[in-house]
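Right, one structure below, let's go through it.
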Amino acid sequence: MMAEKLLLFGGTFDPVHKGHTNILQAAYQQGGFDRAIVLPNAISPLKTGSPEASNAQRFEMLELAFSGLEWCSISDMEFNMPQPSYTVNTLEKLKSENPSAQLFWLCGADVIKEFHMWYRADKIIELASLAVVKRDSASRPDFAEIEAKLGKKLPHIIIDSPLYDISSTEIRRRLSSGNEISGLVPEAVEQYIKENNVYSANSAG
């Protein structure tokens with residue numbers, strides 16, 4: 001029996017947008033995964049400050065964004081772990097819960113260049129392979145250079161994806177200015193944001 005292939009997608013998702021949903025679906029289809037878990041973090045080690053939306057709000061928006069995808073689930077695991085949310089800690093917990101699964105951590109080609117600087121990077125690649133998203137027209141990451149800095153091989157697969165010119169920061173800026181976000185986030189997420197007055201009283205971060 002082949003090991004289950006489990007795709008993991010971490011991030012702040014403040015808020016989740018169509019770039020997130022489209023990239024996860026592309027990765028799932030191209031990588032031949034059995035299922036995916038989306039893992040919103042409480043405090044990212046790569047960002048300053050806390051998310052503007054609450055943990056509960058971000059979780060609910062993710063459930064709306066990915067509803068209908070039987071292979072995808074949302075986990076609040078990182079909300080209950082020591083902060084900030086380090087990838088290696090999440091992977092250790094997931095591996096203990098799924099000892100026979102083959103784990104893949106989804107990340108962008110832009111951040112992979114600094115992978116050698118990630119907290120306990122050597123342990124990360126013992127626990128999981130990387131599913132690296134390469135946007136259209138972007139050059140392929142120089143994995144030889146990354147591996148030279150890391151001092152070991154970097155297990156990975158490449159996910160090809162269109163370039164989605166969407167950011168959560170821009171969405172928050174638009175909302176705080178009273179501008180529309182139609183087309184940038186799933187319709188159910190847009191409705192949730194409006195009904196719950198998320199972000200409108202906050203300045204963009």
Side-chain angles (χ1 to χ4, degrees), residues 7-28 36-69 72-81 83-87 90 105-114 117-118 131-139 159-205:
L7 180 62
L8 310 169
F9 189 17
T12 308
F13 306 110
D14 191 25
V16 59
H17 54 66
K18 285 189 174 180
H20 295 133
T21 57
N22 290 338
I23 285 170
L24 183 63
Q25 291 188 72
Y28 174 77
I37 302 176
V38 180
L39 298 137
N41 55 41
I43 301 174
S44 169
L46 301 177
K47 297 181 180 180
T48 57
S50 299
E52 291 190 19
S54 69
N55 290 350
Q57 288 172 329
R58 290 183 296 122
F59 188 89
E60 288 171 8
M61 287 188 283
L62 284 165
E63 287 196 314
L64 292 170
F66 292 104
S67 65
L69 301 179
C72 180
S73 61
I74 317 300
S75 171
D76 63 358
M77 175 189 297
E78 292 198 356
F79 293 165
N80 304 308
M81 294 174 66
Q83 301 301 316
S85 301
Y86 287 112
T87 301
T90 302
W105 189 264
L106 187 63
C107 59
D110 50 344
V111 301
I112 204 64
K113 297 174 184 176
E114 303 299 327
M117 299 177 65
W118 288 26
V132 181
V133 178
K134 186 184 83 66
R135 272 77 170 185
D136 283 349
S137 76
S139 59
I159 304 296
D160 291 308
S161 171
L163 174 63
Y164 299 104
D165 190 18
I166 309 173
S167 76
S168 296
T169 299
E170 172 61 17
I171 291 168
R172 294 197 306 273
R173 187 196 66 77
R174 288 190 179 208
L175 288 165
S176 67
S177 303
N179 295 321
E180 283 296 315
I181 59 167
S182 296
L184 300 179
V185 301
E187 289 184 14
V189 173
E190 181 181 1
Q191 189 68 23
Y192 178 92
I193 289 171
K194 290 179 178 178
E195 289 179 355
N196 293 278
N197 203 30
V198 187
Y199 305 114
S200 60
N202 300 321
S203 59

Output all residues satisfying salt bridge (charged side-chain N to carboxylate O under 4.0 Å, His left out) with Lys113, sequence neighbours left out; order by chain, then residue number. none
CG/Asp165: more than 12 non-hydrogen atoms of other groups inside 6.0 Å: no
Can you tell me how far apart CG (Leu64) and CD (Glu60) are? Round to the nearest 0.5 Å. 7.5 Å
Out of Leu62, Ile74, Leu106, which one pairs with Phe9 under the side-chain contact (heavy atoms from CB on, under 4.5 Å) rule? Leu106
Could you tell me whether a side-chain N or O of Gln57 sits under 3.5 Å from a main-chain N or O of Ser54, the two making a donor and an acceptor? yes
About how many Å separate CD of Glu52 and OH of Tyr199, when rounded to the nearest 0.5 Å? 7.0 Å
Could you please spell out the steps behind the side-chain contact (heavy atoms from CB on, under 4.5 Å) verdict for Asn22 and Ser161? CA-CA 8 Å; Asn22 290 338; Ser161 171; over 6 Å; no
How far does NZ of Lys194 sit from CD1 of Ile181, to the nearest 0.5 angstrom? 7.0 Å
Supply the atom-to-atom distance Leu184 CG to Asn179 CG, rounded to the nearest 0.5 angstrom. 11.0 Å
Once you round to the nearest 0.5 Å, how far does OG1 of Thr21 lie from CZ of Phe13? 10.5 Å
How far does CZ of Arg172 sit from CD1 of Ile193, to the nearest 0.5 angstrom? 10.5 Å
Without swapping roles, check the side chain of Ser177 against the backbone of Arg174 for a donor-acceptor pair under 3.5 Å. no
Close side-chain approach of Pro15 and Val198, heavy atoms under 4.5 Å: no
Taking it one step at a time, do Thr12 and Asn41 satisfy side-chain contact (heavy atoms from CB on, under 4.5 Å)? CA-CA 5 Å; Thr12 308; Asn41 55 41; 3.4 Å; yes
If only side-chain N and O atoms count, and only distance matters, is there a donor-acceptor pair under 3.5 Å linking Gln83 with Ser85? yes
